[in-house]
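Below, each value reflects all heavy atoms present in this structure, side chains not excepted, and no hydrogens, waters or symmetry copies. Because the structure is a prediction, the values reported are computed rather than measured. Labels below follow one simple rule: chain letters A, B, ... track the order of the sequence lines, proteins then strands, and each chain is numbered from 1.
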Amino acid sequence: METFSERVAAWVRAVPSGRVVTYGQLATLAGSPGAARQVSGVLRRETLRDAWFPWHRVVNAQGGISTYKVGEGELQAALLAREGVMVVDGALRLEVYLWRPAEDGPPPKPNR
DNA sequence: AGTTTGACTTGTT
DNA sequence: TAACAAGCCAAAC
């Protein structure tokens, strides 16, 4: 059985450059609505395992940067800017950048 | 095996 | 609009 963490990681890797997803959205996609907090743990672990893991494409439900360290927030904003995502005052417009899996490409795990 | 912990979310003040 | 509180659930201890 595939773990929650693995499913979350797969979905994050599926997010196209220039788009973002929220913690809660990932939890739901991975099959556990409400496990948004746990998603952060997955990002931390995956980032250690894979330096190129696109953790920066994950933001909170308000479109804000939620990194646990102040300095990391700056990094995330910079990485997003490099992909064309404009971050203003630590936040971005979800109505512009939020990725909706169905409209763009097949999910890594065609749910169900 | 029970407890603690969060890079979250949502509702209430 | 901003601050606070409670709920949430998989992982790590």
Could you list the residues that satisfy side chain to side chain contact (heavy atoms under 4.5 Å, CB included) with A:R45, not counting sequence neighbours? A:S5
Could you pull out all residues at least two apart from A:E83 that satisfy side chain to side chain donor-acceptor pair (under 3.5 Å)? A:H56, A:R57
With the side chain of A:N60 defined as its heavy atoms from C-beta on, choose the nearest nucleotide among C:dA11, B:dA7, B:dT9. B:dT9
Output every pair passing side chain to side chain donor-acceptor pair (under 3.5 Å) with a member in residues 32-42 of chain A, not counting sequence neighbours, ordered by first then second residue. none
Whole-Å distance separating the CD atom of A:E46 from the P atom of C:dA12: 11 Å
Distance in angstrom units between A:R44 CZ and B:dG6 C1', rounded: 8 Å
Go through B:dC8, C:dA11, B:dT9 for me and flag the one nearest to the A:T22 side chain. B:dT9
Against the side chain of A:Q62, the closest entry in C:dA11, B:dT10, B:dA7 is B:dT10
Can you name the closest pair of heavy atoms from A:A27 and A:A36 and give their distance? CB-N, 3.7 Å
Short of 4.0 Å, heavy atom to strand atom, which residues of residues 77-87 of chain A count as contacting DNA chain B? none
Within the structure shown, what part of the strands sits under 4.0 Å from A:G24 by heavy-atom distance: base, sugar-phosphate, or nothing? sugar-phosphate
Pull out every protein N or O sitting under 3.5 Å from an N or O of nucleotides 3-9 of chain C, one pair per line with the distance.
from	atom 1	to	atom 2	distance (Å)
C:dG7	O6	A:R37	NH1	2.9

It should be established whether A:S66 places a side-chain nitrogen or oxygen under 4.0 Å from OP1 or OP2 of nucleotide B:dC8. yes
Please classify the nucleic acid contact of A:Y23 as base, sugar-phosphate, or nothing, using heavy-atom distances under 4.0 Å. base
CG of A:L43 versus P of C:dA10: gap in Å, rounded? 16 Å
Any chance you could measure A:L92, atom CG, to A:L80, atom CG, to the nearest 0.5 Å? 6.5 Å
A:L75 has an atom CG; how far is it from atom P of B:dA7, in whole Å? 16 Å
For a quick test of reading the model, state the closest non-hydrogen atom pair linking A:F4 to A:A35 and the distance between them. CZ-CB, 3.9 Å
Kindly say if A:R45 contacts the phosphate of C:dA12, meaning a side-chain N or O under 4.0 Å from OP1 or OP2. yes
Nearest-Å distance, CH2 (A:W55) to P (B:dA7)? 13 Å
For a quick test of reading the model, state the closest non-hydrogen atom pair linking A:P101 to A:L29 and the distance between them. CG-CD1, 4.1 Å
A:I65 and A:G73: which non-hydrogen atoms are nearest, and at how many Å? CG2-CA, 3.8 Å
Mind calculating the distance between CZ (A:F4) and C1' (B:dC8) to the nearest angstrom? 11 Å
Qualifying residues under side chain to side chain donor-acceptor pair (under 3.5 Å), relative to A:T3, sequence neighbours excluded: A:E6
